[in-house]
S.K.: 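Have a look at this one.
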Amino acid sequence: MLLVDIARVSAQVAATSARSVKISLLAELFRKAEPDEAPIAIPYLAGRLPQRRIGVGWSTLRDAAAPADAPTLTVREVDAALTRIAGVTGKGAQGERKRLVNALMGAATAEEQRFLLGLIGGELRQGALDALAVEGLAAATDAAPADVRRAVMLGGSLGTVARALLAGGPGALADFRLEVGRPVQPMLAHSAKDVDEALDRLGPCAVEEKLDGIRVQVHRDGEAVRVYTRTLDEITERLPELARVARELPVSRAVLDGELIALDATGRPRPFQETAGRVGSRTDVAGAAVTVPLSPVFFDLLSVDGRDLLELPTAERHAELARVVPEPLRVRRLVVADPADAGARTAAREFAAEVLRRGHEGVVAKALDAPYSAGRRGASWLKVKPVHTLDLVVLAAEWGHGRRTGKLSNLHLGARRADGSFAMLGKTFKGLTDVLLAWQTERLRELALSDDGFVVTVRPELVVEIAFDGVQRSTRYPEGVTLRFARVLRYREDKTAEEADTVESVLAGLIPEG
Ligand SMILES: Nc1ncnc2c1ncn2[C@@H]1O[C@H](COP(=O)(O)OP(=O)(O)OP(=O)(O)O)[C@@H](O)[C@H]1O
């Protein structure tokens, strides 16, 4: 398949608002695709680079080579070229990258150059593309869309499923079962304003402590243990203590879901950065495990001794978890069997208050009758946190003054629109430590698209968690709202820009006037 085929379909999909037309355009493209091309074509259509980062900034892109006359570039060639560019390191890397970029651009027509610039510059993002691609794949192969969706959740990635589906037809989807050793996308939560709202929306539920650590999925098969992050990256080697704990459980095979957190001697959480530092670091694992030991706290069991538990209601999965995992390794929870009962409501509110007193983030309430919806932000898990936070995308940053000269400081923050673009909500440099300033300066320079001496515009990719006191009206920003007292809590490298909070969710928090 040629790059130009994708470039054209991408433009056609963006140009129509009719969902059914978008789906048939995609289906037509998939019918022509080789199985191995799908894992490249889908991210390109969504405006994402499969390599995630290629280390190419605006200065490298701006003076691209003269365009080719006729389209000859295949998607495989482009992918191989970008992988090569991403892999360039060491002395002279900048020059070598520039040479490779020029070679790629020189082989592209003007139309393809525009597409590549948009792709590399992050301007082609189409938020809902993955969901449309599922429908398009289903249409192209006569599979049921629900079966494709389920395979993606269990198989971990749309690209893998697309490849299997195009190669083997709908029958190949049956191979995507929950398997020990293959991570599934974790179930996620929606938000509720407070405990009462959560109880009203869920009915009978379990209210659990929400620990501010790192999500882990632990797969045990006999003596073999593998640990995966929320983004399904394997981090087993970095966490010897977790593998040890998992090996001691009285089962031979299991898939567990939980949170990993650094606690102090009294059981209170240590700063989040310490947990994140452990999980992010490959060096001196043994030493780090002694200075910052991490405690696993399990809250779900997805499979045990060959039985797949995903479809079982929460209450039954929790009972299985209690059978397999000893109490100190399980999340604390309070079961509210009847939310209409005033006593039970009071107990739930008190439980949540006590969790906060112990230094944790809040609670997650989970409907007792719901299955485990892998990969979904389902309505059956509701988180309640007293501090308002949003995960926003850094759109640009301003060069600092005084003590911050030479550092990128004031961040321009964006929320996601339905079409995949971002709306700026405001700026902040509050909450940034020296370590964060140094880190973000380096990262943002890699993502830079332009620099006018004051503001560096970046590829919208970095997600930052922002605390704020409220949403208020403002004529200075495109959606007519801004955040009050926005401050940086941390970078969320485990989230992609597609997972950032939406303009819609920000508007829902608007403080009524008057
Ligand atoms: N008891 C719990 N049950 C489920 N998730 C929990 C629990 N305790 C902590 N968590 C964490 O909370 C996250 C669920 O919240 P959510 O689905 O909103 O994801 P998130 O956006 O990463 O959350 P946040 O930004 O609030 O940390 C999980 O990914 C997990 O890491």
Side-chain angles (χ1 to χ4, degrees), residues 183-193 195 198 202 205-218 227-233 235 242 256-263 269 272-273 275-276 279 294-302 314 317-318 321-322 325 329-336 348 351-352 354-356 358-368 370 372-393 415-416 463-468 488-502 505-506 509:
V184 300
Q185 294 181 4
M187 178 161 175
L188 301 171
H190 270 286
S191 295
K193 175 165 100 300
V195 170
L202 295 178
C205 60
V207 180
E208 299 179 355
E209 52 189 0
K210 185 174 197 296
L211 308 168
D212 193 10
I214 299 277
R215 182 85 175 255
V216 281
Q217 197 175 105
V218 180
V227 183
Y228 301 93
T229 61
R230 185 181 186 282
T231 39
L232 312 189
D233 295 311
I235 49 167
L242 184 50
L256 297 131
D257 191 2
E259 193 83 353
L260 198 59
I261 185 169
L263 299 172
F272 173 79
Q273 277 68 21
T275 304
V279 174
L294 296 178
S295 310
V297 182
F298 294 110
F299 49 72
D300 221 314
L301 184 65
L302 313 190
T314 305
R317 293 198 316 280
H318 285 179
L321 180 74
V325 177
L329 297 176
R330 288 201 312 264
V331 82
R332 294 201 215 180
R333 60 165 66 105
L334 176 83
V335 172
V336 181
F351 176 84
E354 191 259 338
V355 169
L356 292 178
R358 283 192 286 113
H360 296 301
E361 227 189 342
V363 292
V364 187
K366 301 178 177 177
L368 288 180
Y372 189 93
S373 324
R376 294 263 182 82
R377 210 170 267 288
S380 42
W381 285 15
L382 295 175
K383 58 180 171 178
V384 179
K385 297 196 290 187
V387 179
H388 302 291
T389 62
L390 286 170
D391 294 324
L392 299 175
V393 177
R416 196 160 50 86
V463 177
V464 65
E465 186 174 344
I466 298 291
F468 62 103
V488 173
L489 288 181
R490 71 179 72 137
Y491 275 98
R492 291 292 308 256
E493 286 198 279
D494 59 338
K495 284 199 169 181
T496 63
E498 284 78 21
E499 294 178 279
D501 280 303
T502 57
S505 67
V506 175

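Both ligands and their constituent atoms are indexed starting at 1 by order of listing.
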S.K.: May I ask you to identify the nearest protein heavy atom to atom 19 (O) of ligand 1, giving residue, atom name and distance to one decimal place in Å?
M.R.: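 Answer, as residue, atom name and distance: Arg230 NH2, 3.7 Å.
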S.K.: Does Thr314 reach the main-chain N or O of Ala370 with its side chain, forming a donor-acceptor pair under 3.5 Å?
M.R.: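 Side chain of Thr314 to backbone of Ala370, a donor-acceptor pair under 3.5 Å: yes, one is there.
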S.K.: Taking the six-membered ring of Tyr372, is the NZ or CZ of Arg317 close enough (under 6.0 Å from the centre) and on axis enough (within 45°)?
M.R.: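 Ring-cation test returns no.
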S.K.: Taking 4.0 angstrom as the limit and counting only heavy atoms of Val331, give me the atoms of ligand 1 inside it, by number and element.
M.R.: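 Numbered from 1, ligand 1 contributes 1 (N).
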S.K.: So, the side chain of Glu259 versus the backbone of Gly213: is there a donor-acceptor pair under 3.5 Å, distance only?
M.R.: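 Yes.
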S.K.: Between Glu209 and Arg333, does any NZ, NE, NH1 or NH2 come within less than 4.0 Å of an OD or OE carboxylate oxygen?
M.R.: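 No, Arg333 and Glu209 are not salt-bridged.
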S.K.: Any heavy atom of Met187 closer to ligand 1 than 4.0 angstrom?
M.R.: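 No, Met187 has no heavy atoms under 4.0 Å from ligand 1.
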S.K.: Donor-acceptor pair, distance only, cut-off 3.5 Å: does the side chain of Arg215 make one with the backbone of Thr229?
M.R.: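 Judged by distance alone, no pair lies under 3.5 Å.
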S.K.: Among all protein heavy atoms in this structure, tell me which lies nearest to atom 7 (C) of ligand 1, with the distance rounded to 0.1 Å.
M.R.: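 It is Phe299 CE2, 3.6 Å.
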S.K.: Out of Glu465, Glu499, Arg492, indicate the one that has the non-hydrogen atom closest to atom 24 (P) of ligand 1.
M.R.: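 Nearest option to atom 24 (P) of ligand 1, by heavy atoms: Arg492.
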S.K.: For atom 17 (O) of ligand 1, what is the nearest protein heavy atom, given as residue, atom name and distance?
M.R.: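 Result for atom 17 (O) of ligand 1: Ala189 N, 2.7 Å.
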S.K.: Would you say Thr275's side chain and Ile261's backbone share a donor-acceptor pair under 3.5 angstrom?
M.R.: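 No; judged by distance alone, with no hydrogens or angles, the pair does not exist.
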S.K.: Is it true that Glu499 and Arg230 have a side-chain N and a carboxylate O under 4.0 angstrom from each other?
M.R.: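 Yes, this pair counts.
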S.K.: Pairs of nitrogen or oxygen atoms closer than 3.5 Å, one from Leu211 and one from ligand 1: do any exist?
M.R.: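 So ligand 1 has an N or O lying under 3.5 Å from an N or O of Leu211.
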S.K.: Measuring from atom 29 (O) of ligand 1, which candidate in Arg332, Lys385, Arg215 has the nearest non-hydrogen atom?
M.R.: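 Nearest option to atom 29 (O) of ligand 1, by heavy atoms: Arg215.
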S.K.: Set out, in order, the CA-CA distance, both residues' side-chain angles and the distance that settles salt bridge (Lys or Arg N to Asp or Glu O under 4.0 Å) for Asp300 and Lys366, then state yes or no.
M.R.: CA-CA 11 Å; Asp300 221 314; Lys366 301 178 177 177; 5.1 Å; no
S.K.: Applying a heavy-atom cut-off of 4.0 Å, say which part of Asp391 lies close to ligand 1: side chain, backbone, both or neither.
M.R.: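 Under 4.0 Å from ligand 1, Asp391 contributes side-chain atoms alone.
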S.K.: Taking the side chain from Arg490 and the backbone from Gln273, do they hold a donor-acceptor pair closer than 3.5 Å?
M.R.: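 Looks like no, no N/O pair under 3.5 Å.
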S.K.: Between Asp501 and Asp391, is there a donor-acceptor pair closer than 3.5 Å when you use the side chain of the first and the backbone of the second?
M.R.: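 Yes.
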S.K.: Looking at atom 11 (C) of ligand 1, what's its closest protein heavy atom, distance included?
M.R.: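 That would be Glu259 OE1, 3.4 Å.
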S.K.: Just which atoms of ligand 1 are under 4.0 Å from any heavy atom in Leu188?
M.R.: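 This gives 17 (O) as the contact atoms.
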S.K.: Give yes if a backbone or side-chain nitrogen or oxygen of Trp381 is under 3.5 Å from a nitrogen or oxygen of ligand 1, and no if not.
M.R.: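 Between Trp381 and ligand 1 (N or O atoms, distance only) the closest approach is not under 3.5 Å.
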S.K.: Regarding atom 20 (P) of ligand 1: of the candidates Arg490, Lys210, Lys495, Glu209, which has the closest heavy atom?
M.R.: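 Minimum heavy-atom distance to atom 20 (P) of ligand 1 goes to Lys495.
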S.K.: Identify, for atom 1 (N) of ligand 1, the protein heavy atom at the shortest distance, and state residue, atom and that distance.
M.R.: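 Nearest protein contact, heavy atoms only, for atom 1 (N) of ligand 1 is Glu208 OE1, 2.8 Å.
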S.K.: Counting non-hydrogen protein atoms only, what is the nearest one to atom 18 (O) of ligand 1? Give residue, atom name and distance.
M.R.: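 Checked against all protein heavy atoms, atom 18 (O) of ligand 1 sits closest to Lys383 NZ, 2.2 Å.
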S.K.: In the protein, what heavy atom is nearest to atom 3 (N) of ligand 1, and what distance, to one decimal place, separates them?
M.R.: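 Looking at atom 3 (N) of ligand 1, the protein heavy atom closest to it is Lys366 NZ, 2.8 Å.
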